[in-house]
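Index from 1, following the sequence. Predicted model, so just to flag it, every value in this text is computed and none were measured. No hydrogens, no waters, no symmetry mates; every other heavy atom, side chains included, goes into these values. One-based numbering, in listed order, for ligands and for the atoms of each.
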Amino acid sequence: MQTILFSSTDPSTPENAAQIIRRGGLVAIPTETVYGLGADACNVDAVRKIFLAKGRPQDNPLIIHIAEPRELTRYCHDIPDFAWRLAEAFWPGPLTMVLPVNDCIPRETTANHDTVAVRCPASEVTRALIRASGVPIAAPSANLSGKPSTTSAQHVLNDYGTDGKIDAIIDGGECSVGVESTIVDLTETPPRLLRPGGITPEQLREVLGDLTIDKAVVSQISSDAVVRAPGMKYKHYAPSAEVVIIEGSREAASRYIHRHFVPGEAVLCFEEELPYYEGLFATAYGCEEDPRTLSAGIFAALRRLDTPEITKIYARCPTGGGVNYAVQNRLKKAAGFHTLNAEEAE
Ligand code: AMP
Ligand code: MG
């Protein structure tokens with residue numbers, strides 16, 4: 001069986017893809033964050049196929065996607081007021097809320113949690129697909145487990161090929177946000193940030209007042225730990241090469257990298273820094289001046305550098321809040337939190 005490639009601009013795509021979802025198949029879906037690997041969230045066999053196709057650990061729950069914010073009441077209970085305030089401010093959009101789950105969502109989807117993660121994505125074709133399917137769509141990022149996320153249909157094809165490992169892909173072009181959704185746990189007060197993303201901590205605090213940052217966001221969690229966001233403890237987003245983040249000024253970082261660089265290694269930096277690395281194998285993922293280009297470009301760049309020939313990647317990481325907070329989190333996870341300060345190393 002061949003994988004079907006649908007176009008997001010073909011008006012028959014939502015109904016054609018919905019037929020696959022309704023009979024328990026897998027459809028890779030475009031969203032503003034990253035491509036997801038979607039299946040009927042209420043169909044146990046379909047959900048199992050997601051875990052199998054990705055090689056995803058069974059204890060890592062899935063996010064379910066809904067077409068309209070009001071559908072939250074079908075799948076969750078004890079929804080606090082601030083969930084509706086967040087939905088009003090950020091849905092449809094790159095925010096996922098964790099809430100107490102209703103019985104209609106199977107344990108396979110929530111990995112036995114008594115909560116479920118829910119998001120209403122902005123992508124029109126994906127919302128049309130959810131409506132046409134008549135079910136919520138469970139979709140983790142479409143990448144093979146542990147690999148950098150997929151931000152184009154080509155990335156999904158690179159991971160799964162065309163021979164039917166997944167049933168279909170909807171090509172919606174490149175993802176605009178480029179990093180996975182912000183996840184906030186609303187089952188405690190104050191709410192807890194489990195994963196930073198396109199909706200920034202500053203934006204959340206504007207609506208919520210107070211926000212706790214989970215330790216998995218800022219440090220490496222051991223793989224046997226019991227954590228709030230199970231996905232955060234695994235090595236993530238990583239190319240096969242070792243990644244080390246080089247902190248410090250442009251000049252100090254460049255001096256350090258030039259001193260240590262050997263053939264087979266690569267530099268991952270900002271556009272503005274490319275002139276510093278002439279003669280070395282360097283690639284830029286966006287402009288430091290424009291943080292949205294960094295989030296949009298980070299996974300495509302990590303994928304470009306994910307080749308067996310590359311043994312080590314020296315990465316430059318943005319500082320500060322806003323969407324840079326999410327980019328830092330992804331890069332630090334790709335690096336297993338291995339950072340080196342070039343100014344101290346001199
Ligand atoms: P992915 O979409 O592949 O990036 O993975 C979904 C993320 O959502 C993972 O980090 C999960 O751990 C997290 N997640 C899903 N459901 C829950 C939940 N009920 N409680 C906490 N985190 C969740
Ligand atoms: Mg993922």
Q: Can Arg119 and Glu32 be counted as an ion pair, charged N to O under 4.0 angstrom?
A: yes

Q: Below 3.5 angstrom, do we get any N/O pair linking Arg56 and ligand 1?
A: yes

Q: State the atoms of ligand 1, each with its element, that fall below the 4.0 Å cut-off from a heavy-atom position in Ile183.
A: 7 (C), 8 (O), 13 (C)

Q: Distance check below 2.8 Å: does Ser141 bring an N, O or S atom to the Mg ion (ligand 2)?
A: yes

Q: Would you indicate which of Pro61, Pro57, Ala142 comes nearest to atom 14 (N) of ligand 1 when only heavy atoms are counted?
A: Pro61

Q: Which bit of Thr96 is near ligand 1, meaning a heavy atom under 4.0 Å away: side chain, backbone, both or neither?
A: neither

Q: Inspect the contact between Asp163 and Lys165 and indicate whether a charged nitrogen and a carboxylate oxygen are less than 4.0 angstrom apart.
A: yes

Q: Can Leu280 be reached from Tyr256 by stepping across I, L, V, M, F, W or Y side chains whose heavy atoms are under 4.5 Å apart?
A: yes

Q: Should you measure from each heavy atom of Asn60, which atoms of ligand 1 turn up under 4.0 Å away?
A: 9 (C), 11 (C), 12 (O)

Q: With heavy-atom distances below 4.0 Å as the criterion, list the atoms of ligand 1 near Leu62.
A: 15 (C), 16 (N)

Q: Quick check on contacts: which atoms of ligand 1 are under 4.0 angstrom from a heavy atom of Leu194?
A: 21 (C), 22 (N)

Q: I want to confirm something. Looking only at heavy atoms, which of Ser141, Ser145, Ser181 is nearest to atom 2 (O) of ligand 1?
A: Ser141

Q: Do NZ/NE/NH1/NH2 and the carboxylate oxygens of Asp159 and Arg303 come within less than 4.0 Å?
A: yes

Q: Please determine whether a side-chain nitrogen of the Lys or Arg among Asp306 and Lys147 lies less than 4.0 Å from a carboxylate oxygen of the Asp or Glu.
A: yes

Q: What is the minimum heavy-atom distance between Pro191 and Val184, and which atoms define it?
A: CB-CG2, 3.8 Å

Q: Using a plain distance cutoff, I'd like to know if Thr115 has any nitrogen or oxygen under 3.5 Å from a nitrogen or oxygen of ligand 1.
A: yes

Q: So does Asp45 get a backbone contact from the side chain of Glu108, meaning a donor-acceptor N/O pair under 3.5 Å?
A: no

Q: Of all the heavy atoms in Ile63, does at least one lie under 4.0 Å from an atom in ligand 1?
A: yes

Q: Is Arg316 salt-bridged to Glu272, cutoff N-O under 4.0 Å?
A: no

Q: Heavy atom under 4.0 Å from ligand 1: found in Asp185's side chain, backbone, both, or neither?
A: neither

